[in-house]
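Encoded as structure tokens, the structure appears first; notes follow it.
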Amino acid sequence: MGSARGSYYSALKQITKVANSALSLRRICNSIAKSAATAVQANGCRILSLNPQKEYLITVGAYGLSDLYLKKGPLDVHKSLPDILDGKVVFIADAAKDKRVQYPQIALAQGISSILGIPVLEKGEAIGEIRIYTREPRQFSEADKSFLLSVADICAVIFERAELHQLLEQDYKANEKRRKSSRVSPLPATTLRPTSFAHPSEEDFAKLLDFYCIEWLYEPRSFPLRWEGDKIAEMFTPDFYLPELDLYVELTTLKQHLLTEKNRKLRQLRELYPEVNIRLLNKNDFLKLLAKYGYGPLGEAKVEGIDRVLYSHAKIQRRVKTLARHISRDYAGQRLVLIGILKGVVCFMADLMQNLSLPVTLDFMAISYYGGDGQVVKITRDLDSSITGQHVLMVEDIVDTGMTLNYILSHLSAHNPASLRVCTLLDKKARRLINVPLDYVGFEVPDEFVVGYGLDYKGEYRNLPFIGILHPELTKGAEPH
Ligand code: IMP
């Protein structure tokens, strides 16, 4: 025990020293992984950070693990030791048999027996994980766990500091850009991306993906292509994986000899792994691909004047499905009347109702704004059917000041429905004047003018498949109409 305590102490001393050094995030985390694994007498360790959407774990540092093991595929937090999300320490006695291990065959092939997962918490919320690996099956003592929890606390501080640096750097670059051209606005501040790119074009590509709010993972999987006996003689690691599109992307350069070699590897990969969706892309190809998925500037919709995309089509669809699941659960066994206000709600209403597993009927109202201040509403189209005694769900595109909704709700409650609730896709809380009760909310949006997915500016932009922020110059002094 005395010697174990001694090794924890010298490990913590080394870890805090490295944490406070000027080394890169990756080198700091590699060193911490080594100190942590050695102190608890394990064979390997990796330090993982959760992506902003809390769906994937990204390796920020590792020790004692093969490249193949580290790049075995995207680590989905819901499939790989999911209890970490609840802030729990997870122990896996036999990695090859445990259901909480996402890639058990690879663990078996790599000779990994036991795994210990320690959550990295920030204000009680999981932001990452320390994972310890052993070749022999073994248990970990309470002292081991307590030592690793302290290491996790240090990691949380390091992550926070790195994120802050990244934001400051982005802010600096954005200001510099703004100084050069007043029309170019900054890219959104992204959460910590502890990735060191092999090539500047990859970083550009990542920024482009961030711009369109497309989730990405950098080099999460290596595909063995050729073996010599038991040994892997050749591997291929595509640059990116885009989980929303289930697509691997390898970026191309213009050098012909490299392109020929990449094409050969790609052919081989497709033969060996026919289920894998992979594309070789240059930047123009990529823009065309985005347009095909309904994202990009080459799409048919009008996108001039869009400052940046706030929610991609895929993200909206995911959120709508979740809302529909909650509504279906809450109204199980009942009939529901959905009421929308024309026209902004059309896209949301259409998607929402298709995902509801309830019998529903549909009705619409239309309103006009009149008066100089534009905040007094009048009903220009009323409901087709009576809602007395019915369960009513008011479906809204966006709640801003709350004036419209407040007016509509008092109009509807006068008809004595059995119940009356509100579901809004967007909630612009910062501008609320009247406190209206919102039962289901898709996203809380910043205080900016948003368009797309039904929302308009002067009648346009409704057909964009994503929700974007209009360039502030266009909306100077504009009020919602
Ligand atoms: P409220 O009465 O201020 O809550 O405004 C609600 C209505 O204003 C919405 O139904 C929209 O039609 C419009 N609106 C508010 N904010 C925006 C926006 O950012 N983009 C587009 N329309 C908006």
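Note that ligands are numbered from 1 as they come in the structure, with each ligand's atoms numbered from 1 the same way. Model, not experiment: these values are computed from the prediction.
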Ligand-residue contact atoms, ligand 1 with D400, heavy atoms, under 4.0 Å:
1 (P), 3 (O), 4 (O), 5 (O), 15 (C), 16 (N)
Polar proximity ligand 1 side, V451 side, N/O cut 3.5 Å exclusive
no
Can you tell me if CZ on R27 sees more than 12 non-hydrogen neighbours from other groups inside 6.0 Å?
no
Looking at ligand 1, does G402 have a heavy atom less than 4.0 Å from it?
yes
Which of the ligand 1 atoms, numbered from 1, are nearer than 4.0 Å to a heavy atom of T404:
1 (P), 2 (O), 5 (O), 6 (C)
Under 4.0 Å from a heavy atom of E448: which atoms of ligand 1 are those, numbered in the order shown and with their elements?
19 (O)
Determine the interplanar angle of the Y461 and Y457 rings, folded into 0 to 90°, and report it as parallel if under 30°, tilted if 30 to 60°, perpendicular if over 60°.
tilted
With respect to D456, determine whether any N or O atom, backbone or side chain, lies less than 3.5 Å from an N or O atom of ligand 1.
no
What do you reckon, does R431 put a non-hydrogen atom under 4.0 Å from ligand 1?
no
For the pair F348 and Y453, name the ring-plane relationship: parallel under 30°, tilted 30 to 60°, perpendicular over 60°.
tilted
If you compare R462, E396, K428, M403 by their heavy atoms, the one closest to atom 19 (O) of ligand 1 turns out to be K428
Decide whether the shortest distance between a heavy atom of V450 and an atom of ligand 1 is less than 4.0 Å.
yes
Is it true that R431 and T401 share a donor-acceptor pair across their side chains at a distance under 3.5 Å?
no
Look at E250 together with K262 and state whether they make a salt bridge at an N to O cut-off of under 4.0 Å.
yes
For residues Y248 and F223, establish whether the separation of their ring centroids is below 6.0 Å.
yes
Carboxylate-amine/guanidinium proximity below 4.0 Å for R131 and E129:
yes
Does L455 reach ligand 1 with a nitrogen or oxygen that is under 3.5 Å from one of the ligand's nitrogen or oxygen atoms?
no
